[in-house]
Amino acid sequence: MNDFLEVLVVGLGNGAIYAMLGLGLVVIYRSTGLLNFAQGELAMFSTFIVWTIWNAGVPMWLAIIGGMFGGFLIGILLHQVAVSPLGDPHEKPLAVVIVTIGLFLALNGAAQLIWGTVDKRLPPLFGTGQVTIGGVSIQWQKIGSLLVLAAMVGLFLVLFQRTKVGLAMRAVASNSESAGLCGVPVPRILMLGWGLAAATGTVAGVFTAPQLGLGTNLMQLTLIFGFAAITLGGFDSILGAVVGGMVVGVLSSIVPQYVSAFERMPLAPAFILILAVLLFRPQGLFGSKQVQRV
Amino acid sequence: MSLLEVESLRCGYGIVEVLFGLSLSVDEGELVVVLGANGAGKTTTLRAVSGMISAEGSVRLNGREVLGRRPDQLLASGVAHVPQGRGTITALSVEDNLLVGAYQRKDSEVSADLEMWLEAFPRLGQRRNQQAGSMSGGEQQMLAIARAFMSRPKLLLLDEPSLGLAPLVTREVFDRLRDVTQRTGTAVLLVEQNANLALDFAARAYVLEAGSIVASGPAEELQHDEAIQKAYLGL
C-alpha cells in the first residue's frame, strides 16, 4: 500500500510539472488558437538562463524571476521576428505551427551553442529534504511544486477572468478579426501571449531540471506529457491543464509499475490517453465545445 | 466639412479591382445608405474605410487622413465597424462581447453603458450570460450593433444587417437601430441590398454598381426614381 502511495506522490509531483508546461500551452492556445511546439524548448532555454544567473552566485528564487523575465522577452522577440510576419495565425494556422516546429529546432541548437552539450546541475528549489506523512515519505520539492502550481493557476484565472487584458486574449482567440474591429490591438495581444507562455514555461523547466539534469533535451519528453495533459483537460481550460497534468502524471508513474508491458515504454500511456480523448471527447474534460449557430 | 469623406477610393483583391475611384461622404449624425447588388463592392467599401484591407485614394475623418490605419486605431478615432456576418465572438458570453466593445474606453461609465444596452436590446438582456455563438442570427446582429455602440462611436459602419435574417427579424433590427441612433446621435454608413428597408431608414443614399457610384441623393427621391425602383425595389 505504501508503495502505491509513494508512486502516486511521485506521479502527482510529475503531474504538477506537466500541468505547468500545459498552462503555457493553454495561454498560447487561448490567444492564437494554436498549439505551440516550441513551448518546451522555450522553457528549456529560459531554464538555462536561470542556471546562468544562479551559477553567478545569485539566490535561486531571484534567478528564477530573472529567468522568467528573460523567457518573457525571448517569447516576445520570437513572436515579433518569426511568428508575427506571417500575419494572422487564425488565417494561416499551418504556417504558424510549422514555424513553431522550426523554433523548436532553432532554440535547441542555440542552447547547445551557448551552454554546450554537457548537462548542468540545477538544485531543487525546495531542497532535497523530505517529510514522512503516515509512513509515506514525500520530498519537499514535490509539495513545493504543487503549491507553486496552485499559485500559477490562481494568477492565470484572475488574469483571464478578471482583467481587461485577459478578456482581450479570450476575444482574440475566439475571433481575432472582430476583436480588432472592437479596438483590441491584436498583434500586441498575441505578442503578450507568447511572452507569458515562455515565462510560465520557465517555472516548469526549473522543476524538471533537478530530476533529469539540465540538458538541451530537458523538456522534450515533458512536452509530450504536457500535450497529453491539455488534450485530456481541454486545450483552452486552465483547470483542465491542471487536472489533465495530474492524471497524466499519475497514470504514467503507476501504469508502468503494475503493467510490465509499459515498463519499457513510459510514454505509451500518454499517447493512448491522447488518442482515446480525441476519439471520444475531442474538447477534453473541461474544454469549451465549439458552439455556432448560423 | 463632413465627418467622413471618402475620395477616389480604389482597391481590390490581388489583380481583381473591386472599387474604381469611389467617393462619398457622411455628415455628423447623418444616416447614409449605400445600395448595391451582390458583388457591387459594398462590403469592400466598408472594409477599405475601416482599414481591414489596403486601398488607395483618400479617407478623411473630420478632415484628417486616416487611410492605412488598422481597425483598432480607427476605432480610437470614433469609427466602429459591424462586419458582414456579424462578427460574433462566439466563445464569449453576451456580456463579455459587449465589454470587448468598450476595450479602448478608460472612463468609469462602461458598466452603466453595459446595463443601458442590455436594456435597449431586451433580447440581449435575457441572454446576458449565454455563450454568444449559441444565439439566433437576429440576436447576434443586435449584439454586434450593441457592441459597436459600447465604444461610443461617432460613426457606425454597418454591413448588411439583414443578411440571412427573416423579414420580421430584420424589421426588428432596423427598428432598434433607429431608436439607438436617434438616442445617441451617431452617424451611420449602412450598406444594404434590402432597398426598401434601407431607404426608409436612411436620409441619403448612394447606388453602387460594379465598383462605382452611379446615383445618389435624398433617400426619398431615390425611392421614387424609376430606374432605382426597377433595379432594387422590385416594383
Side-chain angles (χ1 to χ4, degrees), chain A residues 26-34 84-85 87-88 90-91 157-193 234-238 240 282-284 286-294, chain B residues 46-47 50-53 69-93 95-106 110 130-140 143-144 147-153 156-157 159 163-165:
Chain A
V26 167
V27 169
I28 295 252
Y29 185 84
R30 279 209 157 181
S31 53
T32 64
L34 292 175
S84 160
D88 192 334
H90 305 85
E91 278 161 28
L157 285 180
V158 170
L159 174 75
F160 277 122
Q161 303 300 334
R162 295 266 175 272
T163 71
K164 210 167 170 179
V165 173
L167 177 68
M169 291 177 98
R170 286 188 289 141
V172 170
S174 172
N175 189 337
S176 63
E177 187 180 276
S178 269
L181 289 178
C182 289
V184 176
V186 176
R188 215 181 315 158
I189 294 293
L190 295 177
M191 180 185 91
L192 190 68
F235 288 138
D236 59 351
S237 166
I238 299 284
Q283 76 271 31
F286 302 93
S288 44
K289 207 171 178 174
Q290 287 295 329
V291 186
Q292 198 145 16
R293 253 173 83 169
V294 226
Chain B
L46 292 193
R47 290 168 72 97
S50 76
M52 288 173 79
I53 52 174
R69 296 198 191 168
R70 277 204 318 263
D72 56 289
Q73 296 166 323
L74 217 71
L75 190 93
S77 325
V79 181
H81 183 170
V82 175
Q84 194 173 43
R86 299 152 203 145
T88 310
I89 304 174
T90 51
L92 265 52
S93 68
E95 183 176 329
D96 281 348
N97 262 275
L98 292 174
L99 289 174
V100 173
Y103 183 78
Q104 291 191 349
R105 283 176 55 183
K106 307 248 182 305
V110 172
Q130 190 175 322
Q131 208 180 330
S134 67
M135 297 198 302
S136 73
E139 289 158 355
Q140 290 193 28
L143 175 62
R147 189 177 62 199
F149 275 105
M150 282 295 288
S151 68
R152 293 192 171 174
L156 178 69
L157 308 176
D159 196 340
L163 192 76
L165 299 186

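Convention: sequence-line order gives letters A, B, ...; per-chain numbering from 1.
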Seminar exercise, completed: Contacts of Gln73(B) meeting side-chain hydrogen bond (donor to acceptor under 3.5 Å, both in side chains) (sequence neighbours excluded), chain-then-number -> none
Exercise. Are any non-hydrogen side-chain atoms of Leu181(A) and Ser50(B) less than 4.5 angstrom apart?
Worked result: yes
For this session: Just jot down the side-chain hydrogen bond (donor to acceptor under 3.5 Å, both in side chains) partners of Arg70(B), sequence neighbours excluded, or say none.
Result: Asp72(B)
Problem set entry | Heavy-atom contact with chain A under 4.5 Å, split by part of Met150(B) | neither
Seminar exercise, completed: Sorted by chain and number, sequence neighbours left out, side-chain hydrogen bond (donor to acceptor under 3.5 Å, both in side chains) with Ser31(A) holds for none
For this session: Check whether any side-chain heavy atom of Arg47(B) sits under 4.5 Å from a side-chain heavy atom of Leu157(B), and report yes or no.
Result: no
Problem set entry | Side chain to side chain, Arg170(A) and Ile89(B), heavy atoms closer than 4.5 Å | no
Exercise. Should Leu92(B) and Leu167(A) count as side-chain neighbours, where that means a heavy-atom distance under 4.5 Å?
Worked result: yes
Problem set entry | Ser151(B), part contacting chain A, at a heavy-atom distance under 4.5 Å | neither
Exercise. Mind checking which of residues 95-102 of chain B sit less than 4.5 Å from chain A, heavy atom to heavy atom?
Worked result: Asp96(B), Leu99(B), Val100(B), Gly101(B), Ala102(B)
